[in-house]
Student: 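Input: one structure, supplied below.
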Amino acid sequence: MLTDSHAHLNDERLMPQAAEIVARLGEYGVGRVVCASYDAKSSVDAAALADKYREVFATVAFHPHESKSYTDGDAKLFCRLAKNKKVLAIGETGLDYYYDLSERSVQRRVFAEHIELADALGLPVVVHIRDAYEDAIAILTANRAKLNNGVLIHNFSGSVETMRALDELGCYYSFGGTITFKNNKKGAEALLAADKSKILLETDCPYLTPEPHRGKLNFPYYVKHVAERCAEILDIDFDALCALTEKNVESLFKRLNGGAGAANG
Ligand SMILES: [Zn+2]
Ligand SMILES: [Zn+2]
């Protein structure tokens, strides 16, 4: 079985076909999808999808693109949503200096507030970083005492050196569609350098579609293509890769097994 640890099933292109998408997961050997949020509405939608479908779980947060509109009311909303045990983490939050859709100082403040909220709720944090590794590592390091529930750097795109700095904070790394691109040498190097117990798989659908569907819409079940490529790069068989990543995703997202949250070990 496989888990897509980061999918935007709440995206307006995917949500209307959620029932069909969930129905096709089994064909690809995908058992679970973690629906990641980016603002208040998508967080409410993710929690609703998790309620509706056994295979779907949720994370709630404001993406750095949207951080300019984050308010205290949204933090209260997330506390309410997190009472649902299928809400696994706070995410995706972080820094995106590539698009700069929110002012950088605002992105940094909201990222730190999300880390604080995750800590208060006893949940892991799912982090998006683009062209901002230095500042993101500085914020994570400054908040180190609040990271005891785990950190996932989603769609890791940094260097091995950056990964080593993040290793100090106990981070997990998820690899997505870009790892299937034959010219992505940096991604393959990072995957090979990663601690095997910290590797997760994702699609980030509807974005970042893996080969052989590159250029078209992405779906959670395409995580199988990501898994196949990762197994190839790591030179382990597919079943071993599945077993490894399933164990890792459960070790990060403690609520995945229907447990009572962080207290569950
Ligand atoms: Zn992201
Ligand atoms: Zn995402």
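Each ligand, and each atom within it, is numbered from 1 in the order the structure gives. Excluded from the calculations below are hydrogen atoms, water molecules and symmetry mates; all remaining heavy atoms, backbone and side chain alike, are included.
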Student: Give a yes-or-no answer on whether the side chains of Thr59 and Glu92 include a donor-acceptor pair shorter than 3.5 Å.
Tutor: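 No.
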Student: Using ring centroids (six-membered ring only for Trp), state whether His114 and Tyr70 fall under 6.0 Å.
Tutor: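 Yes - the distance between ring centres of Tyr70 and His114 falls below the 6.0 Å cut-off.
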Student: Would His128 and Asp96 count as having a side-chain donor-acceptor pair, cut-off 3.5 Å?
Tutor: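 Yes, side-chain donor-acceptor contact under 3.5 Å.
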Student: At a cut-off of 2.8 Å, list the protein N/O/S atoms near the Zn ion (ligand 1), residue plus atom name.
Tutor: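 For the Zn ion (ligand 1), the protein N, O and S atoms that sit under 2.8 Å away are Glu92 OE1, His128 ND1, His154 NE2.
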Student: What I want to check is whether the side chains of Asn248 and Ser251 have a donor and an acceptor closer together than 3.5 Å.
Tutor: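 No, Ser251 and Asn248 have no side-chain donor paired with an acceptor closer than 3.5 Å.
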Student: Please check: side-chain N/O of Lys146 versus main-chain N/O of Ala118, any donor-acceptor pairing under 3.5 Å?
Tutor: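 Answer holds: no.
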Student: State the CG-CD distance between Leu201 and Glu246, to the nearest 0.5 angstrom.
Tutor: 8.5 Å
